[in-house]
Amino acid sequence: MTPSEKIVNIEEKLNNWLREALVRAFPESTADADTIAVTPATDEQFGDYQCNAAMGLARVLKTNPRQIATQWVDAVEPADWVEQIDVAGPGFINIRVAAAALADGLMAMDEDARLCTPETGRDRTVILDYSSPNVAKPMHIGHIRSTVIGCALDRLHRFLGFRVIADNHLGDWGTQFGLLIMGYRHFLDETRLREQPVEELERLYVKSYERSREDPDWLDAARRELVKLQQGDADNRALWQSFVDLSMREFNRIYDRLGVSFDVVRGESYYRDQLAAVVQLLQAQGLAEESEGAQVVRLDDEGIPLCIVQKSDGGFNYATSDLATIKQRMEEFDTEQIIYVTDERQQLHFKQCFAIARKLGWTAQLVHVWFGLMRLPEGTFSTREGNVIKLERLLDEAEERALRLVQASSPEMDAADQRAVARAVGIGAIKYADLSQNPQSMITFTWDKALAMDGNSAPYLQYACARIASVQDKYQARYSGQDCRAYPIELTEVVERRLALRLLRFPSAVNRATALLRPSVLADYLYELAQTYSSFYQNVPFLKAPEGVRESRIRLCGLVARVLRQGLDLLGIETPGRI
RNA sequence: GCGCCCGUAGCUCAGCAGGAUAGAGCAUCGGAUUUCUAAUCCGAGGGUCGCAGGUUCGAAUCCUGCCGGGCGCGCCA
C-alpha cells in the first residue's frame with residue numbers, strides 16, 4: 001500500500017461521517033451508501049461542501065426533507081474537524097470544514113509524490129487505439145483531436161496505475177493501394193517526392209482516382225495491382241512498404257513535436273492473414289450468412305443495420321479487420337478494456353463490431369470515445385476544395401506566435417531558450433484548445449481560437465507555474481538555507497481557503513476525467529485552480545508577509561505548482577520553468 | 001425514411017450520474033503596475049438555456065413531440 005492510499009481525503013471522510021449518522025438517525029432507511037455523498041458547495045457562502053441526499057430520501061421515507069436533514073444533522077458525531085454544519089432551504093446540508101483539517105490535507109498532499117491520488121487502475125490492462133492516420137495522406141488539423149485526446153487518456157490511465165498499451169492502428173491496407181500504385185507508376189514527380197513525399201503520394205492517389213472514374217481500363221488495372229499486392233508480389237510489396245515508410249517518417253516528425261509515443265504501431269496490414277479465419281469463425285458460429293454474394297452478419301436484434309464481413313469479390317473490409325484486431329489484442333495482452341478514439345462518423349461501424357464481438361462471446365469491454373468533426377467557418381474542409389490545413393502548418397504557426405510573445409515579454413532570455421519556451425507554449429495552446437472542450441461537439445476551427453494564448457488556455461496555466469517558480473527562486477535567494485516545510489500551512493485569508501479546497505479536489509478531478517474518458521474534466525479543474533491562484537497571487541503578499549505566514553504561503557504556491565504541472569503533464573502539456 | 005450528436009451572453013464554449021441567484025474566455029466599457037513575471041488582477045454591462053408539453057418539492061440537466069444544423073445508414077476506411 002502506498003502512502004497515498006492510507007490517506008482518506010476530506011470528501012470521503014465526510015461521506016463516512018454522514019453515512020454513520022444516517023444509520024443512527026434513520027435505521028429503517030435502506031439507502032445505499034453511494035447515494036449519500038457530499039459535493040463541493042455550489043456557492044462558498046453556503047460552506048465548503050454540501051449534501052443533497054435528504055431531499056431524495058424524503059421521497060423514500062415519505063417525510064418532509066427539511067425534517068430529515070435536521071434529524072440527520074442532529075445525529076452526527078461531534079467532530080473537531082468540522083467547523084459548522086447546518087440545514088438550509090428545502091433540506092440542503094451545508095458543511096464548513098475546520099481550516100486546520102484543510103491544512104492537514106494539504107500537508108499530506110505535499111508529502112506525497114502522487115498528490116494523494118490512489119492507484120485505482122493497478123493490475124488492470126487497457127488498450128488505447130488512437131491517432132491511427134492513413135498512410136499516403138498528410139495529417140491535417142482534423143487528425144489532431146484523436147491524437148491529443150488519446151494521448152491524454154493514455155497518460156491519465158498510466159498515472160492511475162493501469163497497464164496501458166497505446167496502439168497506433170494505421171490505415172495501411174485496403175483498396176486504395178491499387179490506385180496509388182498505378183498513380184505512382186504513371187504520374188510520379190521525383191522531385192516532389194523527395195521534397196514533400198506524403199503530399200506527393202496523396203497527389204498521385206487523387207490523380208489516379210480521377211482517372212479511374214472516366215477510364216474503366218485504368219480501374220481494372222488498379223484492381224490487378226491490388227490483387228498482386230495482396231498475393232505478395234515482390235515489386236508491389238516493396239512499393240507499398242516504401243509508402244508506409246515515407247508516411248511514418250512524416251507522422252513521427254509530428255508525434256515528436258507533440259510529445260506523443262506509442263507502445264505498438266500495428267496497421268491494418270498486420271492482421272491481413274487473420275481475416276479469413278474471422279469470417280470462418282463467424283460462419284462456424286452461425287453468425288455470418290451469404291447475401292448478394294457477400295458474407296454478412298445480421299444485427300436486427302440489436303436494432304442496427306447488418307455488417308458486411310466479406311465482399312462478394314472475396315475481399316475483406318474494415319469490420320473484419322477490426323474484429324481480427326480485437327481477437328489478437330485479447331489473446332496477446334489479456335486486456336479487459338479496449339478504448340478507440342475516432343471521429344463521430346465511425347459510430348455505427350464500432351456499434352456493429354462491438355455487437356459482433358459480444359455475439360462471439362468475447363469479453364473485453366469495448367468503448368468508442370468519439371468526437372465531433374472539425375470544420376472551417378466556411379464549411380467542411382476537403383482535399384477537393386483545397387482548404388485543408390496541414391497539421392504541420394498549424395504547429396509552425398503556433399510556435400511562431402508563441403515566439404513573438406516570448407520575445408516581447410522576455411527579451412533578456414537567450415534565443416535558444418526562447419525557442420524552447422515557444423515550443424512548449426505554442427504546442428500546449430493547441431492541445432489545450434482541444435482538450436478543454438467537450439469532445440462531442442463539433443469544432444469550428446479558427447486560428448485565433450486554436451492558438452489562444454490568454455484567458456482559458458494552456459499558456460495561462462503555464463504562466464501561473466512560471467510565476468510560482470520565480471517566487472520560489474526569490475524566496476531561496478532571500479532566505480537561503482531556510483526550509484519552508486519546517487513551518488505549517490495555515491489558512492487565514494478567504495482566498496487561501498478557496499485555494500485549499502481546490503487543491504484538495506485534484507484526485508477526484510483525475511479520477512473523474514479518467515472514468516468519464518473526458519480530459520476536459522481535468523482541464524476545467526486546472527483552469528479553476530489557476531484562476532484561484534492568480535487571484536491569490538495578485539491580492540495577497542507572500543515574500544513580504546511576516547515569518548510563518550510567508551512560509552505557509554510559499555508552501556501553498558509550491559503545491560499549486562506541483563498540481564498544475566502534474567495535471568498539465570497528464571494532458572500531455574509541458575510546463576517550461578520560465579516564460 | 002431510420003439512427004447518433006449539437007442548439008446556453010454579440011462571438012467561442014463550460015455546466016447536463018436533477019439542486020440554492022445559469023458560468024468562463026473573447027469582444028466592449030471602467031479601474032489596478034515605485035512592491036512576488038500585467039500572457040495578470042479587480043469591476044460593469046450583456047441570457048425567454050432552440051420551441052412546446054410532461055415527470056419532480058425542484059429541470060439548462062430526465063422523458064415526448066416539433067424546429068434548425070452536423071454526421072451516418074451492404075460490398076470505402
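Of the residues in residues 297-307 of chain A, those placing a heavy atom less than 4.0 Å from an atom of RNA chain B are A:Pro305, A:Leu306, in numerical order.
Taking the C1' atom of each, B:C57 and B:G18 are spaced 12 Å apart, rounded to whole Å. The same atom, P, is picked in B:C26 and in B:G19; the two are 28 Å apart, to the nearest Å. B:C41 and B:C5 have their P atoms separated by 37 Å, given to the nearest Å. Comparing the P positions of B:C4 and B:G23 gives an interatomic distance of 32 Å, to the nearest angstrom. Atom name C1', nucleotides B:U61 and B:G15: the rounded distance is 9 Å, in whole Å. Using C1' as the reference atom, B:G46 and B:U28 are 10 Å apart when rounded to the nearest Å. Between the P atoms of B:G47 and B:C36, the separation comes to 40 Å (whole Å). Taking the P atom of each, B:C76 and B:G50 are spaced 41 Å apart, rounded to whole Å.
Partner of A:Tyr487 under the side-chain hydrogen bond (donor to acceptor under 3.5 Å, both in side chains) criterion, out of A:Glu547, A:Arg555, A:Arg553: A:Glu547 alone. Among A:Arg502, A:Arg498, A:Arg96, the single residue meeting the salt bridge (Lys or Arg N to Asp or Glu O under 4.0 Å) criterion with A:Glu44 is A:Arg498.
B:A20 has A:Phe92 stacked on its base ring, the centres lying under 5.5 angstrom apart and the planes within 30 degrees of parallel. In this structure, A:Phe46 counts as stacked on the base of B:A20 under the 5.5 Å centre distance and 30° plane angle limits.
In this structure, A:Asp43 places its CG atom 10 Å from P of B:U21, rounding to the nearest Å. Taking atom CD of residue A:Glu344 and atom P of nucleotide B:C73, one finds them 12 Å apart after rounding to whole Å. Put simply, CZ on A:Phe371 is 13 Å from C1' on B:C71, counting in whole angstrom units. One interatomic measurement links the two molecules: OH of A:Tyr270 to P of B:A77, which rounds to 21 Å at whole-angstrom precision. What separates CG of A:Leu275 from P of B:C75 is a distance of 18 Å, to the nearest Å. Atom pair A:Met374:CE and B:G70:C1' shows a separation of 15 Å (rounding to whole Å applied).
Contact annotation: the side chain of A:Arg266 never approaches that of A:Thr325 to less than 4.5 Å [non-hydrogen atoms, C-beta and beyond].
Between A:Tyr533 and A:Phe542, the angle of the ring planes lies from 30° to 60°, which puts this pair in the tilted group. Ring-plane geometry between A:Tyr318 and A:Phe350 is classed as perpendicular, the angle between the planes exceeding 60 degrees on a 0 to 90 degree scale with a lower cut at 30.
Residues A:Tyr271 and A:Phe316 keep their aromatic ring centres 6.0 Å or farther apart. For an aromatic pair to be called close, the ring centres must be under 6.0 Å apart, and A:Phe177 with A:Tyr205 fails this. Checked against the 6.0 Å centroid criterion, the rings of A:Phe92 and A:Phe46 do not qualify as a close aromatic pair.
Residue contacts shown for A:Leu348 are limited to sugar-phosphate atoms, with no base heavy atom under 4.0 Å away. Across all strands, A:Met453 comes closer than 4.0 Å to base atoms (heavy-atom distances). Within 4.0 Å of A:Arg512, counting heavy atoms only, lies at least one base atom of the nucleic acid. Nucleic acid contact class of A:Val495 (heavy atoms, under 4.0 Å, all strands): none. Among the heavy atoms of the strands, none lies under 4.0 Å from A:Leu516. Base engagement by A:Gln45 is indicated by at least one non-hydrogen atom pair under 4.0 Å involving a base atom.
Proximity note for A:Ile308 (side chain, C-beta onward) versus B:A39, B:C75, B:C57: the nearest is B:C75. In the set B:A14, B:U40, B:G74, B:U40 carries the atom at the smallest distance from any side-chain atom of A:Tyr460. Comparing B:A77, B:C16, B:U40 by their closest approach to the side chain of A:Gln176 singles out B:A77. Nearest nucleotide to the A:Ser535 side chain, out of B:C57, B:C4, B:C41: B:C41. The A:Arg345 side chain lies nearest to B:C71 when the options are B:C71, B:C42, B:C13. Listed nucleotides B:C4, B:A20, B:A77 differ in distance to A:Gln50; the shortest reach to its side chain belongs to B:A20. With B:U35, B:A39, B:G74 as the candidates, the nucleotide lying closest to the side chain of A:Lys544 is B:U35. Nearest to the side chain of A:Tyr537, among B:G15, B:A38, B:A77, sits B:A38. Considering only side-chain atoms of A:Lys351, the nucleotide from B:A39, B:C4, B:C13 that sits closest is B:C4. Distance from the side chain of A:Leu373 is smallest to B:C71 among B:C71, B:A24, B:A39.
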May I have the step-by-step check of salt bridge (charged side-chain N to carboxylate O under 4.0 Å, His left out) for A:Asp301 and A:Lys359, ending in yes or no? CA-CA 11 Å; A:Asp301 52 335; A:Lys359 285 177 184 291; 2.6 Å; yes
Assess the residue pair A:Asp417 and A:Arg578 against the criterion (salt bridge (charged side-chain N to carboxylate O under 4.0 Å, His left out)); give the C-alpha distance rounded to whole Å, side-chain angles, the decisive distance to 0.1 Å, and a yes or no. CA-CA 9 Å; A:Asp417 286 346; A:Arg578 293 291 178 281; over 6 Å; no
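Remark: B:C2 base-pairs with B:G72. Criterion, Watson-Crick or G-U wobble with two distances under 3.5 Å. Of all nucleotides present, only B:C67 satisfies the Watson-Crick or G-U wobble test against B:G7, with each distance under 3.5 Å. Pairing partner, B:C62: B:G54, with both Watson-Crick or wobble hydrogen-bond distances short of 3.5 Å.
Residues A:Ser208 and A:Trp218 bring a donor and an acceptor atom of their side chains to less than 3.5 Å of each other.
Map A:Ser291 and A:Asn456 each onto its nearest nucleotide of RNA chain B; the residue landing nearer the 5' end is A:Asn456. Map A:Arg59 and A:Thr42 each onto its nearest nucleotide of RNA chain B; the residue landing nearer the 5' end is A:Thr42.
Side-chain N/O atoms of A:Arg578 include none lying less than 4.0 angstrom from OP1 or OP2 on B:A39. Put simply, A:Tyr318 has no side-chain N or O that comes within less than 4.0 Å of OP1 or OP2 on B:A77. When the side-chain nitrogen and oxygen atoms of A:Ser534 are compared with OP1 and OP2 of B:C42, none of them lie within a distance under 4.0 Å. Taking 4.0 angstrom as the limit, A:Gln538 places none of its side-chain polar atoms (N or O) nearer than this to OP1 or OP2 of B:U40. Taking side-chain N and O atoms only, A:Arg467 has a distance below 4.0 Å to OP1 or OP2 of B:A38.
Glycosidic torsion of B:G72 falls outside 90° of 0, placing the base in anti.
Between the base of B:C6 and the side chain of A:Ser441 there is no donor-acceptor pair shorter than 3.5 Å. Checked by distance alone, A:Lys449 brings no side-chain donor or acceptor within 3.5 Å of a matching partner on the base of B:U12. Interface remark: the A:Asn94 side chain does form a donor-acceptor pair with the B:A20 base, using a distance-only criterion of under 3.5 Å.
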